[in-house]
Colleague: 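After the structure tokens below, expect a handful of questions from me.
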Amino acid sequence: MAEENFAYSWENPEYRRTYWHTCSHVLAQAVKRLYPEVKLAIGPSIDTGFYYDMDSPFAFTPEIMDKIEEEMRKICKEKLALERFELPRAEAVKFMEEKEEPYKVELINDLPEDAVISFYKQGEFTDLCAGPHIDSTGRIKGNAIKLTACNAAYWRGDAKRGSLQRIYGVAFPKKEQLDEYLKKLEEAKARDHRKLGRELGLFMTDELVGRGMPMFLPKGYTVWRILENYIRDKEIKLGYQHVLTPCVGTVELYKTSGHWDHYQQNMFPAMEVEDEMYVLRPMNCPHHMRIYANRPHSYRDLPIRIGEIAHDFRYEASGTLKGIERGRHFCQNDAHLFVTPEQIKDEVSKVCDLIFDTYKDFGITDYRCVLSLRDPADKEKYHQDDEMWNTAESALREVLVELGIEFTEEIGEAAFYGPKLDVNVVPAVGAEYTLSTCQLDFCLPMKFDLKYIDADGTEKTPVVLHRAILGSLDRFMAYLIEETMGAFPAWLAPVQAKFLPVTDRANEYCLKLAAQMEEQGFRVEVDERNEKIGKKIREAQLEKIPYMLVVGDRDMENGTVSPRHRAEGDLGAMSAEAFTALLREEVDKKIRK
């Protein structure tokens with residue numbers, strides 16, 4: 001869109017991106033005014049604002065960020081016009097060399113020979129940029145700018161290159177919009193599963209162990225184990241056969257599957273053992289393909305549903321790591337369904353039923369379904385077989401339509417071997433992401449030469465459904481932590497009830513009742529500390545424990561407990577049997593409160 005005809009509307013996403021892109025230039029200008037020694041790299045707009053990567057001899061502390069913000073407001077008040085001009089390559093390089101901007105020189109040298117090399121000037125500041133931009137810094141509301149973070153970033157995403165500092169920011173045309181955004185940021189911080197995971201003793205990370213390698217603590221692993229048992233039990237009832245396979249595989253295994261060609265950048269480096277090359281596995285389908293190939297199959301055997309809670313490893317860039325939501329080690333609730341073409345619809349339907357049934361148990365209602373398709377123009381990401389892709393995409397689309405599942409289509413989001421149904425959840429804060437997936441694969445069964453004997457006695461190649469209901473247990477748990485703010489429903493809570501003796505005299509009585517509840521399968525604790533009951537209640541509340549069982553002299557005399565729910569408050573004295581019956585119903589019915 002021509003800049004002079006640009007629609008100056010915040011509802012126009014193109015205008016928002018252009019507004020934020022101009023803000024990144026204002027940020028760079030402010031930094032160069034205050035700290036001329038800083039070297040500039042790149043400064044694009046992103047979905048949530050803008051950033052600029054810079055090479056600075058000092059760290060951008062919060063105090064320095066405040067100074068930069070103030071200078072940005074001054075630049076907005078100056079109402080500087082943004083003027084575009086072009087230079088031939090040699091002049092452009094010389095121009096940036098004179099300004100001592102080596103990153104800009106590298107960018108110019110890497111442009112195609114026929115590229116138009118353009119710059120934007122605002123006041124004394126000029127930056128290499130393709131644009132577009134709004135016409136004046138005066139259109140930017142100075143008091144609605146906020147620099148939100150500063151993180152490390154590799155130059156051009158290459159870990160072998162120098163590390164830069166990336167300043168993130170956001171801006172709006174009205175201060176009220178910024179205030180609302182900052183309010184949401186504060187809510188996001190309060191819900192951040194990394195913060196809650198640390199406070200509630202669920203998991204930890206350790207630099208000596210390694211980045212992206214979270215470790216689950218006893219309470220966190222209790223939740224993890226409940227999730228594992230929950231989904232495995234549901235799958236067993238549906239005829240899944242669970243297996244256990246190694247966390248490594250030979251390079252030849254992944255060359256056969258195609259992952260070595262299409263996914264190697266996300267895999268850990270290969271290691272040599274006795275003249276053979278191995279890698280940590282990034283996914284489990286190659287192992288499951290070999291299990292299927294272990295013996296002959298008849299059409300009568302199909303569908304075969306192979307499931308596994310599998311440990312996987314992916315080399316994620318350090319900047320993308322986020323607690324247990326995105327790590328370099330995680331556990332997938334994975335399964336591969338080997339089916340005949342005639343069974344595709346029925347099996348996809350059953351997978352969808354399992355997904356939505358699971359979501360009901362966890363109270364997940366805000367989600368959307370996406371049919372992820374390949375980008376035919378991308379010749380590197382996808383296995384090249386137009387006929388196979390057309391067949392697979394049409395088959396999955398037809399099944400979803402017949403099942404009455406509402407979905408949108410997104411080009412370029414398919415797996416390298418086939419299209420998929422992604423179920424994207426919309427969390428309480430932040431952008432949506434995929435929890436569950438069902439992928440239709442005609443490709444890998446052919447690569448592994450998988451066969452079954454059909455009713456007519458001929459050999460046929462099965463179709464494979466790759467599916468994950470909880471996705472990775474780690475990410476699913478992160479989602480639940482942020483949705484509940486750590487206040488898990490009683491059936492999922494690591495500690496379901498905590499006895500709080502009012503005096504030391506009640507300790508023995510509480511220990512006896514706790515032992516009885518543990519025998520019935522409940523997860524309970526007793527706070528035997530010599531502390532005031534008010535403090536015990538407050539601390540149990542902070543631990544997000546569903547039920548606090550206050551026990552005093554009268555309870556011991558009457559054989560009762562006085563339960564207090566973390567949200568509903570005091571429930572009144574009742575017998576231990578009555579309370580366990582109440583808790584049993586809540587757990588068995590997966591009641592959320």
Colleague: Is the number of heavy atoms from other residues, nucleotides or ligands within 6.0 Å of NZ (K141) greater than 12?
Modeller: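 No - once you tally the heavy atoms of other residues, nucleotides and ligands closer than 6.0 Å, there are 12 at most.
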Colleague: Please check: side-chain N/O of K74 versus main-chain N/O of C76, any donor-acceptor pairing under 3.5 Å?
Modeller: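 Not at all, since once roles are kept as given, no pair shorter than 3.5 Å links the two residues.
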Colleague: Kindly confirm or rule out a cation-pi arrangement of R161 over Y154, judged by NZ or CZ under 6.0 Å from the six-membered ring centre and within 45° of its axis?
Modeller: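 No, R161 and Y154 do not form such a contact.
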Colleague: Rounded to the nearest 0.5 Å, what's the gap from CG on L492 to CD1 on I226? Could you check?
Modeller: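 If I round to the nearest 0.5 Å, the distance is 5.5 Å.
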Colleague: Please step through side-chain contact (heavy atoms from CB on, under 4.5 Å) for the pair Y367 and E432, ending with a clear verdict.
Modeller: CA-CA 8 Å; Y367 58 86; E432 70 172 35; over 6 Å; no
Colleague: Residues two or more places apart in sequence or in another chain: which of them pass side chain to side chain contact (heavy atoms under 4.5 Å, CB included) with T137?
Modeller: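 In terms of side chain to side chain contact (heavy atoms under 4.5 Å, CB included), with neighbours along the sequence ignored, T137 is linked to V26, I75, L80, L82, Q122.
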Colleague: Could you give the side-chain donor-acceptor pairs of residues 171-179 under 3.5 Å, partners two or more places apart or in another chain?
Modeller:
| unit_1 | atom_1 | unit_2 | atom_2 | d |
| --- | --- | --- | --- | --- |
| K175 | NZ | D179 | OD1 | 3.1 |
| K175 | NZ | D179 | OD2 | 3.3 |
| Q177 | OE1 | K174 | N | 3.1 |

Colleague: Ignoring hydrogens, what is the shortest heavy-atom contact between C331 and I309? Give both atom names and the distance.
Modeller: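 That would be CB-CG2, 4.4 Å.
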Colleague: How would you list, by chain and number, every residue that makes a side chain to side chain donor-acceptor pair (under 3.5 Å) with T22, sequence neighbours excluded?
Modeller: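 Side chain to side chain donor-acceptor pair (under 3.5 Å) check on T22 returns H133.
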Colleague: Taking the side chain as every heavy atom from C-beta outward, state whether M283 and Q332 have any pair of such atoms under 4.5 Å apart.
Modeller: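 The answer is yes, as the side chains (C-beta and beyond) meet within the 4.5 Å cut-off.
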Colleague: Name the residue from K184, R191, K189, K183 that meets the salt bridge (Lys or Arg N to Asp or Glu O under 4.0 Å) definition with E187.
Modeller: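 That would be R191; it is the only one of K184, R191, K189, K183 passing the salt bridge (Lys or Arg N to Asp or Glu O under 4.0 Å) with E187.
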Colleague: Tell me the salt bridge (Lys or Arg N to Asp or Glu O under 4.0 Å) pairs involving residues 416-429, sequence neighbours left out?
Modeller: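 Matches after skipping sequence neighbours: K420-D422.
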Colleague: Would you say Q541's side chain and R566's backbone share a donor-acceptor pair under 3.5 angstrom?
Modeller: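 Side chain of Q541 to backbone of R566: a pair is present.
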Colleague: Taking the side chain as C-beta and beyond, is there a heavy-atom pair between V370 and V423 under 4.5 Å?
Modeller: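 V370 vs V423: side chains apart.
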Colleague: For D47, is the CG atom crowded, meaning more than 12 foreign heavy atoms sit under 6.0 Å from it?
Modeller: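 No - once you tally the heavy atoms of other residues, nucleotides and ligands closer than 6.0 Å, there are 12 at most.
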Colleague: Consider ring pair (Phe, Tyr, Trp, His ring centres under 6.0 Å). Of F60, W20, Y168, which one does Y51 pass it with?
Modeller: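 Exactly one option meets the ring pair (Phe, Tyr, Trp, His ring centres under 6.0 Å) with Y51, and it is Y168.
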Colleague: Knowing that exactly one of H259, H262, M277 qualifies, which makes a side-chain contact (heavy atoms from CB on, under 4.5 Å) with Y254?
Modeller: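 For Y254, the side-chain contact (heavy atoms from CB on, under 4.5 Å) check succeeds only for H259.
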Colleague: Applying side chain to side chain contact (heavy atoms under 4.5 Å, CB included), name anything that partners T320, two or more places apart in sequence or on another chain.
Modeller: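 For T320, the residues satisfying side chain to side chain contact (heavy atoms under 4.5 Å, CB included) (neighbours in sequence not counted) are E316, A317, R326.
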Colleague: Is there a side-chain contact between E543 and V495 (heavy atoms, below 4.5 Å)?
Modeller: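 With C-beta onward as the side chain, the pair stays apart.
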Colleague: What residues form a side chain to side chain contact (heavy atoms under 4.5 Å, CB included) with D66, not counting sequence neighbours?
Modeller: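 D66: no side chain to side chain contact (heavy atoms under 4.5 Å, CB included) contacts found.
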Colleague: Are R84 and E86 close enough, and set up right, to give a side-chain contact (heavy atoms from CB on, under 4.5 Å), and what steps lead you there?
Modeller: CA-CA 7 Å; R84 183 181 185 277; E86 299 174 5; 2.9 Å; yes
Colleague: Would the distance check show the side chain of D441 and the main-chain N or O of C443 forming a donor-acceptor pair, the cut-off being under 3.5 Å?
Modeller: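 Between the backbone of C443 and the side chain of D441 there is a qualifying donor-acceptor contact (under 3.5 Å).
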Colleague: Carefully, step by step, assess N109 and V93 under the rule side-chain contact (heavy atoms from CB on, under 4.5 Å).
Modeller: CA-CA 8 Å; N109 286 329; V93 168; 3.5 Å; yes
Colleague: Does M213 reach the side chain of T205, with side-chain heavy atoms less than 4.5 Å apart?
Modeller: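 In short, these two side chains do not touch, never coming nearer than 4.5 Å.
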Colleague: Using the ring-ring contact (aromatic ring centres under 6.0 Å, His included) rule, collect all pairs that involve residues 86-105, keeping only residues at least two apart or in two chains.
Modeller: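 Counting only pairs at least two positions apart or across chains, the ring-ring contact (aromatic ring centres under 6.0 Å, His included) contacts touching residues 86-105 are F95-F119, Y103-W155.
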Colleague: Output side-chain donor-acceptor pairs under 3.5 Å for residues 33-41, partner residues at least two apart or in another chain, one line each.
Modeller:
| unit_1 | atom_1 | unit_2 | atom_2 | d |
| --- | --- | --- | --- | --- |
| R33 | NE | E124 | OE2 | 2.9 |
| R33 | NH1 | E71 | OE2 | 3.1 |
| R33 | NH1 | E78 | OE2 | 3.0 |
| R33 | NH2 | E78 | OE1 | 2.8 |
| R33 | NH2 | E124 | OE1 | 3.3 |
| K39 | NZ | E100 | O | 3.1 |

Colleague: Taking side chain to side chain contact (heavy atoms under 4.5 Å, CB included) as the test, write out the residues that go with T250, two or more places apart.
Modeller: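 Expected list: E252, L253, E276, Y278.
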Colleague: Hey, what do you get for CG (L202) to CZ (F216), rounding to the nearest 0.5 Å?
Modeller: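 Rounded to the nearest 0.5 Å, the CG-CZ separation comes out at 9.0 Å.
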Colleague: Taking all non-hydrogen atoms of both residues into account, name the closest pair between P246 and H287 and its distance.
Modeller: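 Heavy atoms only, the tightest pair is O-NE2, 3.4 Å.
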Colleague: Using a strict cut-off of less than 4.0 Å between a Lys/Arg side-chain nitrogen and an Asp/Glu carboxylate oxygen, indicate whether K544 and E539 qualify as a salt bridge.
Modeller: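 Salt bridge absent between K544 and E539.
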Colleague: Applying side chain to side chain donor-acceptor pair (under 3.5 Å), which residue pairs with at least one partner in residues 208-227 are found, sequence neighbours left out?
Modeller: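 Listed once each, the pairs would be none.
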Colleague: According to ring-ring contact (aromatic ring centres under 6.0 Å, His included), does anything in residues 182-205 pair up with another residue at least two apart or in another chain? List the pairs.
Modeller: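 Qualifying pairs: H193-F203.
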Colleague: Can you tell me how far OG of S372 sits from CD of Q439, rounded to the nearest 0.5 angstrom?
Modeller: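 Interatomic distance, Q439 CD to S372 OG, rounded to 0.5 Å: 9.0 Å.
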Colleague: Rounded to the nearest 0.5 Å, what separates atom CD in E98 from atom CD in E91?
Modeller: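 CD of E91 is found 10.5 Å from CD of E98.
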Colleague: Which atom names give the shortest non-hydrogen contact between L470 and F476, and what distance separates them?
Modeller: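 It is O-CB, 3.4 Å.
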Colleague: Specify the closest pair of heavy atoms between Y52 and A28, including all atoms of both residues, with the distance to one decimal.
Modeller: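 For Y52 and A28, the tightest heavy-atom pair comes out as CE1-CB, 3.5 Å.
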Colleague: To check you understand the geometry: which heavy-atom pair defines the closest contact between L111 and R89, and what is its length?
Modeller: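 Scanning both residues completely, I find the closest heavy atoms to be O-NH2, 3.2 Å.
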Colleague: Does P282 reach the side chain of N266, with side-chain heavy atoms less than 4.5 Å apart?
Modeller: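 When only atoms from C-beta onward are counted, N266 and P282 do not touch, as no gap falls below 4.5 Å.
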Colleague: Is it the case that the side chain of S45 and the backbone of T18 share a donor-acceptor pair, with hydrogens and angles ignored and the cut-off at 3.5 Å?
Modeller: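 Flag not set: sc S45 to bb T18 has no pair under 3.5 Å.
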Colleague: Would you confirm whether E69, through its side chain, and L147, through its main-chain N or O, come within 3.5 Å as a donor-acceptor pair?
Modeller: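 A pair under 3.5 Å: yes.
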Colleague: For the residue pair R328 and L321, establish whether any side-chain heavy-atom pair is separated by less than 4.5 Å.
Modeller: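 In short, these two side chains touch, coming nearer than 4.5 Å.
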Colleague: State the SG-CG distance between C369 and N424, to the nearest 0.5 angstrom.
Modeller: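 With rounding to 0.5 Å, SG (C369) is 8.5 Å from CG (N424).
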Colleague: Quick one: OG1 on T437 to CG on L421, what's the gap to the nearest 0.5 Å?
Modeller: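 T437 atom OG1 to L421 atom CG measures 6.5 Å (nearest 0.5 Å).
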Colleague: List for me each residue that meets side chain to side chain donor-acceptor pair (under 3.5 Å) alongside N284, sequence neighbours excluded, and say none if there are none.
Modeller: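 If we apply the side chain to side chain donor-acceptor pair (under 3.5 Å) test to N284, skipping adjacent residues, the hits are R281, D312, D334.
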Colleague: Taking G327's backbone N and O only, do any of them form a donor-acceptor pair with D474's side chain (distance below 3.5 Å, no angle check)?
Modeller: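 No; judged by distance alone, with no hydrogens or angles, the pair does not exist.
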Colleague: Between C150 and I167, what is the shortest heavy-atom contact and its length?
Modeller: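 Of all heavy-atom pairs spanning C150 and I167, the closest is SG-CG1, 4.1 Å.
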Colleague: Answer whether the closest heavy-atom distance between the side chains of K255 and D261 falls below 4.5 Å.
Modeller: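 SC-SC contact between K255 and D261 ruled out.
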Colleague: Is the shortest heavy-atom distance from the side chain of I68 to the side chain of I64 under 4.5 Å?
Modeller: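 Contact flag for I68/I64 side chains = yes.
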Colleague: If we ignore hydrogens and angles and just use 3.5 Å, is the side chain of T434 paired with the main-chain N or O of S436 as donor and acceptor?
Modeller: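 A pair under 3.5 Å: no.
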Colleague: Does R475 form a side-chain contact (heavy atoms from CB on, under 4.5 Å) with I324? I'd like the steps, not just the answer.
Modeller: CA-CA 6 Å; R475 173 174 284 191; I324 59 174; over 6 Å; no
